[in-house]
**Student:** 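Before anything else, here's the structure in question.
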Amino acid sequence: MTTFHMPADEAEARAIQDSLRARVVLDEPGPPPGTGLVTGVDVAYDEKKDVVVAAAVVLDAETLDVVDEATAVGTVTFPYVPGLLAFREMPTVLEALESLTVDPGLVICDGYGLAHPRRFGLASHLGVLTGLPVIGVGKNPFTFHYEAPGPLRGDTSPLLDGEDEVGRAVRTQEGTKPVFVSVGHRISLDNACAHTLRLARRFRQPETTRRADALCRQTLREATA
DNA sequence: GCGACAG
DNA sequence: ATCTTGTCGC
């Protein structure tokens with residue numbers, strides 16, 4: 001497992017992404033939906049943007065029951081720069097994941113994997129550092145373009161960077177905006193979309209993300225109070 | 001040079 | 001991400 005290194009500036013951060021990108025594994029199908037464990041990770045920031053809380057919530061993939069959860073509180077040491085999000089969140093996210101008492105199985109995180117200017121978003125980075133299969137599910141199309149998917153749950157359309165399909169817009173609920181799924185590590189795009197759809201039975205976002213979001217926000221309130 | 005820009 | 005009133009809809 002590779003150790004996280006905090007770059008001194010944006011140029012070094014981009015160089016790290018260009019270097020680690022070669023370690024992304026794209027030829028594995030990933031675990032079948034509905035089996036094993038699935039882990040959601042998310043972070044929340046305080047008003048001053050200097051405290052960050054990460055949460056990891058492990059669910060049984062079939063029942064969606066909570067199996068384990070962990071949080072970590074850290075300090076933000078890198079500014080938000082589109083394309084360099086991982087350097088803000090990675091240290092605290094890794095700490096939360098390492099605090100779990102079970103194997104996380106498949107990880108679902110906010111943001112993107114291959115759908116990234118250098119094809120190495122947060123989900124790819126997290127996958128390479130942990131070795132775990134990772135999916136990226138974003139709420140916005142970032143800098144990419146797409147045609148609206150059909151109106152029904154399960155309808156999809158390609159997320160395009162020019163001619164390249166870097167991810168997929170997935171309609172998880174009728175009457176709501178799609179989410180944007182991309183491959184992080186050790187999973188296919190088809191399977192990533194199938195997992196996302198299965199985990200978003202009731203709401204727009206996957207249950208893993210919703211649980212992790214609620215936990216890190218609650219923990220932030222308690223840590224800030 | 002200007003606009004766009006995951007969280 | 002987070003700040004935030006009112007407002008639309010179930």
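Scope of the values below: all heavy atoms of this structure, side chains included, with no hydrogens, waters or symmetry mates. Letters go in sequence order (proteins before strands), and every chain restarts at 1.
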**Student:** Just to be sure I understand the rule, does A44(A) reach a base, reach only the sugar-phosphate, or reach nothing, if contact means heavy atoms closer than 4.0 Å?
**Tutor:**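 Sugar-phosphate: the residue A44(A), judged by heavy atoms under 4.0 Å, touches backbone atoms but no base.
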**Student:** Tell me which nucleotide among dC5(B), dA6(B), dG7(B) gets nearest to the side chain of T143(A).
**Tutor:**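 Out of dC5(B), dA6(B), dG7(B), the nucleotide with an atom closest to T143(A)'s side chain is dC5(B).
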**Student:** Measure from CG on D161(A) to C1' on dA4(B) and round the result to the nearest Å.
**Tutor:**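 Going from D161(A) (CG) to dA4(B) (C1'), I get 13 Å.
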**Student:** Salt-bridge test for D110(A) and K139(A): reply yes if a basic N is under 4.0 Å from a carboxylate O, no otherwise.
**Tutor:**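 Here D110(A) pairs with K139(A) in a salt bridge, since their nearest N and O are under 4.0 Å apart.
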**Student:** Categorize Y80(A) for me: base, sugar-phosphate, or nothing, with a 4.0 angstrom heavy-atom threshold over every strand shown.
**Tutor:**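 It contacts base atoms.
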**Student:** At 4.0 Å (heavy atoms only), tell me whether L159(A) reaches a base, stays on the sugar-phosphate, or touches nothing.
**Tutor:**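 If one applies the 4.0 Å heavy-atom cut-off, L159(A) turns out to touch nothing in the nucleic acid.
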**Student:** Whole angstrom is fine here: how far is it from CD in Q17(A) over to C1' in dA6(B)?
**Tutor:**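 In whole Å, dA6(B) C1' and Q17(A) CD are 12 Å from each other.
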**Student:** D46(A) CG to dG7(B) C1': how many Å, rounded?
**Tutor:**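 Rounded to the whole Å, the gap is 15 Å.
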**Student:** Does the pair D18(A)/R14(A) count as a salt bridge with the N-to-O cut at 4.0 Å?
**Tutor:**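 Looking at D18(A) and R14(A), the cut-off is not met.
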**Student:** Check the distance between dG7(B)'s P and Q205(A)'s CD and give it to me in whole angstrom.
**Tutor:**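 For the pair Q205(A) CD and dG7(B) P, the rounded distance is 9 Å.
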**Student:** Between F180(A) and Y146(A), is the gap from one ring center to the other below 6.0 Å?
**Tutor:**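 That pair passes the under 6.0 Å test.
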**Student:** NE2 of H145(A) versus P of dC5(B): gap in Å, rounded?
**Tutor:**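 Atom NE2 in H145(A) sits about 9 Å away from atom P in dC5(B).
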**Student:** At 4.0 Å (heavy atoms only), tell me whether G136(A) reaches a base, stays on the sugar-phosphate, or touches nothing.
**Tutor:**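 Nothing, no nucleic acid heavy atom in range.
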**Student:** If you round to the nearest 0.5 Å, how far is CG of D42(A) from CD of E89(A)?
**Tutor:**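 The distance works out to 7.5 Å.
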**Student:** So is R88(A) actually on top of Y80(A)'s ring, under 6.0 Å and inside 45° of the axis?
**Tutor:**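 No, R88(A) does not lie over the aromatic ring of Y80(A).
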**Student:** Across the strands shown, which category fits G138(A) at heavy-atom distances under 4.0 angstrom: base, sugar-phosphate, nothing?
**Tutor:**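 Sugar-phosphate contact only - G138(A) comes under 4.0 Å of backbone atoms but never of a base.
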**Student:** Does dA6(B) have OP1 or OP2 sitting under 4.0 Å from an N or O in the side chain of K139(A)?
**Tutor:**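 Result: no.
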**Student:** For Y45(A) and dA6(B), what is the distance between atoms OH and C1' respectively, to the nearest whole Å?
**Tutor:**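 For the pair Y45(A) OH and dA6(B) C1', the rounded distance is 10 Å.
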**Student:** Looking at the side chain of P82(A), which of dT2(C), dC5(B), dG7(B) is the nearest nucleotide?
**Tutor:**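 Nearest to the side chain of P82(A) among the choices is dC5(B).
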**Student:** Within this structure, what is the CZ-to-C1' distance between R217(A) and dA1(C), rounded to whole angstrom?
**Tutor:**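 Result: 10 Å.
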**Student:** H116(A) has an atom NE2; how far is it from atom P of dA6(B), in whole Å?
**Tutor:**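 These atoms are roughly 11 Å apart.
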